[in-house]
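Below you'll find the structure, written out as structure tokens, and then a few comments.
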Amino acid sequence: MKFKKTTAVLAAAALALLGACSNPEPSNDPTGDNTGGGSTTLNITILPKNLGNPYFDTSTKGAVAAAAEIGATTSEVGPTVGAADAQVPYIQTATQQRVSAIEIAANDQTALCDALDAAMAAGVKVVTFDSDAPGCRDLFINQAESAGIAKVLVEMVAEQVGDAGQIAILSATANATNQNAWIELMQADLAANHPNIELVKIAYGDDNDQKSYDETAALLQSYPELKGIVAPTTVGILAAARYLSASQAKGQVALTGLGTPNDMRDYVKDGTVQEFALWNPEDLGYLTTYAVQALVDGTITGAQGDTFEAGRLGRFTVGPDRTVLLGDPYRFNADNIDNFHF
Ligand code: RAM
């Protein structure tokens, strides 16, 4: 996986450029005019699952840095809650504004399709990243293969609970395309390879801090024998860690999943969390913007085998199903966490 460090110089240059050509203020007003519009400049709307999520703040940082390098403008908009159809009005506004492209992490596999199809029909390129809307986009920038993510999640929890006992999953929203794909693969792996692990519950914290915290409390109360929680969401794992670190279950109930090193650092150091995984969200956003540029300028059409340059990340090839793969998930623990700052 690629964890190349952005130098302070580059970051400063990107920030300077940002001020000149982008609107760095995210907006949750779907009717607000957030883009430059009307110019021939590459003009991108960034639409995360929800605003205020540090994971997406980080991916947007990468997307904006890439935009600064190529002279594109960006505007980040989105709902404050992750909900199935909450992204629709933002897609419609971007379509009316005839932006060059929408970069979107989909909260739902199907609920967005009509709006995304209308955007593409109007000439707007649609590139999903993080969470796909299959069949209703030009390209998907995949952070890591779902099978690889599911495998590392099952491996980590199995190692941490001694391959036996009750576990629960604390997910994001019930419709999230990405989490649901990973959970399905985890269930298959558990059934086939870990007969002594019992998955007792899949809880949904909706990528909302308080709901994730409350769901963690409810899991511990309902399942006193619980040995482990897997939270394949950065919001969920952080809320669960906060709850566990102040509870009797700290160090007794294993917690793993997908988190950012910055969020999890204290909980790894205080023994609440042994090991978790993620990819680099900044690289994901950065790659997405370069893919948008390649689509808009015609370097790629999205066909398998098309290749394009993605700045500091190098050359990428479009794989099957109009998908570009960033890399592999990476495990973080007490031995390496201080090497990472995102
Ligand atoms: C949350 C979101 C996002 C997911 C990460 C791991 O921030 O649900 O979609 O990829 O967690």
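Just so we're clear, the structure is a prediction, and the values are computed from it rather than from any experiment. For ligands, and for the atoms within them, numbers begin at 1 and follow the listed sequence.
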Can you name the atoms of ligand 1, numbered from 1 with element, that are less than 4.0 Å from a heavy atom of Asn53? 1 (C), 7 (O)
For Trp279, the ligand 1 atoms with a heavy-atom partner under 4.0 Å come out as 10 (O)
Between ligand 1 and Ser131, is the shortest N or O to N or O distance under 3.5 Å?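 No, since none of the N or O atoms of Ser131 sits under 3.5 Å from an N or O of ligand 1.
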Do Lys49 and ligand 1 have an N or O pair less than 3.5 Å apart? yes
Is the backbone of Gly259 close enough, under 3.5 Å, to the side chain of Tyr55 for a donor and an acceptor to pair up by distance? no
Do side-chain atoms of Ser131 reach the backbone of Ala106 as a donor and acceptor pair under 3.5 angstrom? yes
At under 4.0 Å between heavy atoms, is it the side chain or the backbone of Trp182 that contacts ligand 1, or both, or neither?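 The answer is the side chain of Trp182.
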Report the part of Asp130 in contact with ligand 1, treating N, CA, C, O as backbone and CB onward as side chain, heavy atoms under 4.0 Å; options are side chain, backbone, both, neither. side chain
Measure from NZ or CZ of Arg331 to the centre of the six-membered ring of Phe276 and say whether it is under 6.0 Å with the direction within 45° of the ring axis. no
Taking the six-membered ring for Trp, are Phe340 and Tyr330 closer than 6.0 Å centroid to centroid? yes
Write out the residue and atom name of the closest protein heavy atom to atom 11 (O) of ligand 1, then the distance separating them to 0.1 Å. Thr234 N, 2.9 Å
Closest non-hydrogen protein atom to atom 8 (O) of ligand 1, residue and atom name please, with distance? Asp207 OD2, 2.6 Å
Report yes if some heavy atom in the side chain of Glu275 is under 4.5 Å from a heavy atom in the side chain of Glu159; otherwise report no.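 Result yes, sub-4.5 Å side-chain heavy-atom pair found.
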Can you establish whether the number of heavy atoms outside Asp114 located under 6.0 Å from its atom CG is more than 12?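 Count not over threshold, so no.
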